[in-house]
Protein chains: 2
Amino acid sequence: MNIGEAAARTGLPAKTIRYYEEIRLIQPHRAENGYRSFDEKDLHKLSFLARARALGFSIEDCRMLLALYEDETRASADVKRVAEGHLKRIDQKIADLEAMRATLSELVEACAGDHRPDCPILKGLSGQSAGLQG
Amino acid sequence: MNIGEAAARTGLPAKTIRYYEEIRLIQPHRAENGYRSFDEKDLHKLSFLARARALGFSIEDCRMLLALYEDETRASADVKRVAEGHLKRIDQKIADLEAMRATLSELVEACAGDHRPDCPILKGLSGQSAGLQG
DNA sequence: TATGGACCTTCCAGCGTTGGGAAGGTCAAG
DNA sequence: CTTGACCTTCCCAACGCTGGAAGGTCCATA
């Protein structure tokens with residue numbers, strides 16, 4: 001099938017599919033007219049990629065996971081290691097965001113939010129108030 | 001003072017300070033030799049930017065906040081609106097990451113992580129298992 | 001057969017926020 | 001006079017696409 005149908009069936013934009021070919025995540029065949037030709041195996045790989053990306057795996061993680069997916073002699077430990085690394089990064093991001101959230105929400109709650117110019121948020125950002133480290 | 005000292009005193013890399021000038025967040029004067037010359041007001045603005053960026057505000061949010069910071073007749077409501085918008089985006093990001101985390105950690109926990117090829121993580125990513133929507 | 005439109009191709013450029021590095025000017029110390 | 005630390009501008013890379021331009025292909029219809 002052509003790229004349009006592959007896009008429709010995997011939910012990935014055609015542009016993204018071309019990009020995945022360019023960075024050699026997939027290698028669809030070419031028809032005589034030069035059009036990319038996708039088979040079921042390509043579709044499976046694209047769907048795999050779509051799910052892995054939706055879980056936040058980097059492209060390089062995806063490349064590794066795809067290689068493991070295709071390697072029938074893989075050890076599940078190798079897959080798990082990649083996933084645990086990603087999990088750790090997710091946890092770190094969540095922690096960072098929670099920290100931001102805590103400080104910011106403190107400032108927001110202290111701000112009257114009316115017509116007057118006095119503003120604890122700006123005070124906090126300008127370093128005139130406690131609650132902001134760094 | 002020169003950019004090196006400004007960098008040291010605000011904790012921002014010199015490269016970043018030059019970028020902030022390029023996108024017109026700051027406008028330091030120039031000495032006769034062409035070097036940027038930072039005064040205390042510039043330092044305050046840079047520190048303000050550093051704190052706002054550390055809280056995850058976008059550059060455009062920072063531009064708005066800086067304008068409000070410098071406008072003595074601002075209404076705190078305008079500041080609060082920007083901050084609340086950002087807080088909302090943070091909450092959304094946290095929610096997205098928590099969702100990823102939940103799915104991924106489920107898969108990781110189901111994976112033996114040994115020498116055998118059987119792997120629930122790959123099964124999940126390939127769509128052969130429950131727990132992965134979209 | 002001609003035309004139109006939907007598809008496909010490649011190539012180039014940009015997003016945001018730096019970071020790295022080249023090539024070269026300036027300044028202070030020895 | 002040299003050395004080395006600083007400064008300047010400019011260009012490229014990163015991430016993972018996304019948009020658009022210019023042009024080829026295919027199919028249906030007039």
Side-chain angles (χ1 to χ4, degrees), chain A residues 1-39 42 45-46 48-66 85-86 89-90 92-93 96-97 100 134, chain B residues 1-39 42 45-46 48-66 85-86 89-90 93 96-97 100:
Chain A
M1 77 199 64
N2 287 347
I3 199 170
E5 194 180 339
R9 288 181 49 183
T10 61
L12 290 170
K15 279 269 186 187
T16 299
I17 296 176
R18 290 195 193 96
Y19 173 68
Y20 287 172
E21 184 193 27
E22 189 191 332
I23 63 174
R24 278 173 295 191
L25 282 179
I26 52 167
Q27 292 91 27
H29 291 113
R30 295 290 177 135
E32 292 192 354
N33 58 11
Y35 288 14
R36 289 170 185 81
S37 180
F38 298 82
D39 59 23
D42 293 320
K45 288 171 81 170
L46 287 173
F48 183 99
L49 288 169
R51 289 193 193 89
R53 293 290 297 137
L55 285 183
F57 282 102
S58 72
I59 291 285
E60 288 317 306
D61 277 349
C62 287
R63 192 188 302 283
M64 177 73 71
L65 290 171
L66 208 47
H86 181 43
R89 284 191 297 275
I90 289 178
Q92 183 59 57
K93 277 192 195 169
D96 291 348
L97 286 169
M100 285 182 193
Chain B
M1 77 200 63
N2 287 345
I3 199 169
E5 194 180 338
R9 288 182 48 184
T10 60
L12 289 170
K15 279 268 186 187
T16 299
I17 297 177
R18 290 196 192 95
Y19 174 67
Y20 287 173
E21 184 193 27
E22 189 191 333
I23 63 174
R24 278 173 295 189
L25 282 179
I26 52 168
Q27 292 90 27
H29 291 113
R30 294 291 177 133
E32 291 191 354
N33 59 12
Y35 289 13
R36 289 170 185 81
S37 180
F38 297 83
D39 59 23
D42 293 321
K45 287 171 81 169
L46 287 173
F48 183 98
L49 288 170
R51 289 193 193 89
R53 294 288 297 140
L55 285 183
F57 282 101
S58 72
I59 292 282
E60 289 317 306
D61 277 349
C62 287
R63 192 187 301 281
M64 177 74 70
L65 290 171
L66 208 47
H86 180 43
R89 284 191 297 275
I90 288 178
K93 276 192 196 169
D96 291 348
L97 286 169
M100 284 182 193

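Every chain is numbered from 1 and lettered A, B, ... according to where its sequence line falls, protein lines coming before strand lines.
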Atom pair OG/CE of Ser37(B) and Met1(B) - distance to nearest 0.5 Å: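 Taking OG in Ser37(B) and CE in Met1(B), the distance rounds to 8.0 Å.
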Testing the basics here: between Ala14(B) and Ala7(B), what is the closest heavy-atom pair and its distance to 0.1 Å?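 Smallest interatomic distance, heavy atoms only, reads N-CB, 3.9 Å.
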Please give me the minimum heavy-atom distance between Phe38(A) and Ile3(A), naming the atom from each residue.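 Minimum heavy-atom separation between Phe38(A) and Ile3(A): CE1-CA, 3.5 Å.
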Between [atom2] of [N] and [atom1] of [X], the distance in whole Å:
X	N	atom1	atom2	value
Glu21(A)	dC11(C)	CD	C1'	15 Å
Leu25(B)	dT18(C)	CG	C1'	13 Å
Ile3(A)	dA6(C)	CD1	P	18 Å
Phe57(A)	dG16(D)	CZ	P	13 Å
His29(A)	dT9(C)	NE2	P	15 Å
Glu22(B)	dT8(D)	CD	P	13 Å

Should [X] be listed as having a side-chain N or O under 4.0 Å from OP1 or OP2 of [N]?
X	N	value
Arg18(A)	dT9(C)	yes
Tyr20(A)	dC17(D)	yes
Arg30(B)	dT9(D)	yes
Thr16(A)	dG16(D)	no

Determine whether a donor-acceptor pair (N or O, by modelled atom type, separation under 3.5 Å) exists between the side chain of Asn2(B) and the backbone of Gly4(B).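 A pair under 3.5 Å: no.
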With heavy-atom distances below 4.5 Å as the criterion, would you say the side chains of [X] and [Y] are in contact?
X	Y	result
Leu49(A)	Thr16(A)	no
Arg63(A)	Ile23(A)	yes
Tyr19(A)	Leu25(A)	no
Asp61(B)	Arg89(B)	yes

Distances under 3.5 Å between nitrogen or oxygen atoms of protein and nucleotides 13-15 of chain D:
none

Over all strands shown, is Arg36(A) touching base, sugar-phosphate only, or nothing at heavy-atom distances under 4.0 angstrom?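 Sugar-phosphate, backbone atoms only, no base.
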Which part of the nucleic acid does Ile23(B) contact within heavy-atom distance under 4.0 Å: base, sugar-phosphate only, or nothing?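 Answer is nothing: Ile23(B) stays at 4.0 Å or more from every strand.
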Contact string for nucleotides 22-30 of chain C, one letter per nucleotide 5' to 3', B = base within protein heavy-atom range under 4.0 Å, S = sugar-phosphate only, - = neither, reads ---BBS---
Look at Glu21(A) together with Arg18(A) and state whether they make a salt bridge at an N to O cut-off of under 4.0 Å.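 Result for this pair is no, no salt bridge flagged.
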